[in-house]
Amino acid sequence: MMLKGKPVAEKILKEVKEGVEKLGFAPGLAIVRVGEDPASKVYVGSKIRRAAEAGIKGEEHYLPETATEDDLLELVHKLNIDSSVHGFIVQLPLPAHINAEKVLESIYPEKDVDGLHPQNLGKLVAGAPVFIPATPMGVMELLSYYNVEIMGKNAVVVGRSNMVGKPMGALLLNANATVEICHSRTRDLAEHTKRAEILVVAVGKAKLITEDMVREGAAVIDVGINRVEGKLVGDVDFEKVKEKARVSPVPGGVGLLTVACLMKNVLKAAEKGKS
Ligand code: NDP
């Protein structure tokens, strides 16, 4: 069975649209893009289009590859104090000469709709989240939509980035799963993944997870995005794994939810800003 993202994303975007209508004004979302990363260009375009569909005013702020860290910090400061911007994100990755950590820390936590400011990540780990990073939030929405029970289950997350793996582990733990987080130094990855009733993979390596690494009947959420011979694929050997487990497809899975959950965070920021 496939855990498709489309119906879940549509449901979330519909709820966001209704929330925006209740607000009575269009929330402002700013997206900062620096340099020429081709994937970032595509992602930002799709975020702005989805924002418009949900009644959110999305605006791109572009800086060239040659922009300095100070140029970017100055733009972040402007957005921090701009009252028409309820939330904003800095699209990652940034060019190598810019310290992403420093930039993320300079965003006001109440406008940090990507949930990557240490204060927001800390609140998530403490079990009292405000803004949850959109990709792991999307995974939780997917699990909920398809009635995958989490409490008491063995959950394994592969990948430990601040953007996906770590917040994913925290969310599953908060939902009372027993959580393991695997990474590049994990010995015998299969030994861990085979025990998983819920397996979330966020690495960026095509076919990392093969059929023999997956437990029969598991829910497998594939966050990975890889380009292989011009085609987008995830981290899971989808065709084979789908015979024994429920799997989210790539494309058509978590990617759609990431965008929808970002809009959910923008609505939340606008609601908070109003009160
Ligand atoms: P990072 O590169 O930041 O993290 C990758 C993680 O995978 C690291 O923790 C790394 O371990 C781990 N890893 C690398 N190789 C192995 C291995 N052989 N076995 C086990 N773990 C391994 O990536 P992100 O978390 O940012 O993204 C992960 C993937 O998800 C990418 O493909 C990205 O494109 C995709 N993505 C998709 C989104 C969506 O909307 N669908 C949104 C965000 C990301 P270590 O820490 O030890 O280096």
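In each ligand, atom 1 is the first atom listed, and ligand 1 is the first ligand listed.
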Q. Can you tell which part of Thr258 has a heavy atom less than 4.0 Å from ligand 1: side chain, backbone, both or neither?
A. side chain
Q | SB check Glu74 Lys78 (cutoff 4.0 Å) | A | no
Q | ring-ring contact (aromatic ring centres under 6.0 Å, His included) contacts touching residues 88-142 (sequence neighbours left out) | A | none
Q: Salt-bridge test for Glu60 and Arg33: reply yes if a basic N is under 4.0 Å from a carboxylate O, no otherwise.
A: yes
Q. Looking at atom 47 (O) of ligand 1, what's its closest protein heavy atom, distance included?
A. Ser184 OG, 2.5 Å
(Q) Which of the numbered atoms in ligand 1 are under 4.0 angstrom from any heavy atom belonging to Gly159? (A) 6 (C), 7 (O), 9 (O)
(Q) What protein heavy atom lies closest to atom 15 (N) of ligand 1? Include the residue and the distance to one decimal. (A) Lys205 NZ, 3.0 Å
Q: Distance to 0.1 Å, residue and atom name: give those for the protein heavy atom nearest to atom 44 (C) of ligand 1.
A: Val164 CG2, 4.1 Å
Q) When only distance counts, is Ser161 in polar contact with ligand 1, meaning an N/O pair under 3.5 Å? A) yes
**Q.** Identity and distance of the protein heavy atom lying nearest atom 26 (O) of ligand 1
**A.** Met163 CE, 3.6 Å
Q. Would Ala202 count as a contact of ligand 1 if the rule is a heavy atom under 4.0 Å away?
A. yes
Q: Report yes or no: does Gly165 have a heavy atom closer than 4.0 Å to ligand 1?
A: no
**Q.** Inter-residue atom distance Met137.CE - Asn265.CG, 0.5 Å rounding
**A.** 3.5 Å
Q) Which residue holds the protein heavy atom closest to atom 23 (O) of ligand 1, what is that atom called, and what is the gap in Å? A) Val203 O, 4.2 Å
Q) Which atom pair, heavy atoms only, marks the closest approach of Val20 to Ala54? A) CG2-O, 3.5 Å
Q | Where ligand 1 meets Gly255 - atom numbers and elements under 4.0 angstrom, heavy-atom basis | A | 40 (O), 41 (N)
(Q) Check for me whether Val223 has a heavy atom closer than 4.0 Å to any atom of ligand 1. (A) yes
Q | For atom 31 (C) of ligand 1, closest protein heavy-atom neighbour | A | Gly204 CA, 3.8 Å
Q. Do Leu94 and Leu72 pass the side chain to side chain contact (heavy atoms under 4.5 Å, CB included) test, and can you show the C-alpha distance, the side-chain angles, and the key distance before you say yes or no?
A. CA-CA 10 Å; Leu94 290 171; Leu72 178 54; 4.0 Å; yes
**Q.** Inter- and intrachain pairs under ring-ring contact (aromatic ring centres under 6.0 Å, His included), touching residues 22-75, at least two apart
**A.** Phe25-His86
Q. Are any of the N/O atoms in Ile225 less than 3.5 Å from those in ligand 1?
A. yes
**Q.** Part of His183 with heavy atoms under 4.0 Å of ligand 1, whether side chain, backbone, both or neither
**A.** both
Q) Any side-chain donor paired with an acceptor under 3.5 Å for Thr210 and Asp212? A) yes
(Q) I'd like to check which ligand 1 atoms, numbered from 1 as shown, lie under 4.0 Å from a non-hydrogen atom of Val158. (A) 20 (C), 21 (N)
**Q.** Ion pair Glu15/Lys11, N-O distance below 4.0 Å
**A.** yes
Q) Thinking salt bridges, do Lys102 and Glu69 make one under a 4.0 Å N-O criterion? A) yes
**Q.** Heavy-atom nearest neighbour in the protein, as seen from atom 9 (O) of ligand 1, with distance rounded to 0.1 Å
**A.** Arg160 N, 2.8 Å
Q.
Among Asp235, Val236, Asp237, which residue satisfies the side chain to side chain contact (heavy atoms under 4.5 Å, CB included) criterion with Lys207?
A. Asp237
Q) Which residue supplies the protein heavy atom nearest to atom 18 (N) of ligand 1, what is that atom called, and how far is it? A) Leu208 CD1, 3.8 Å
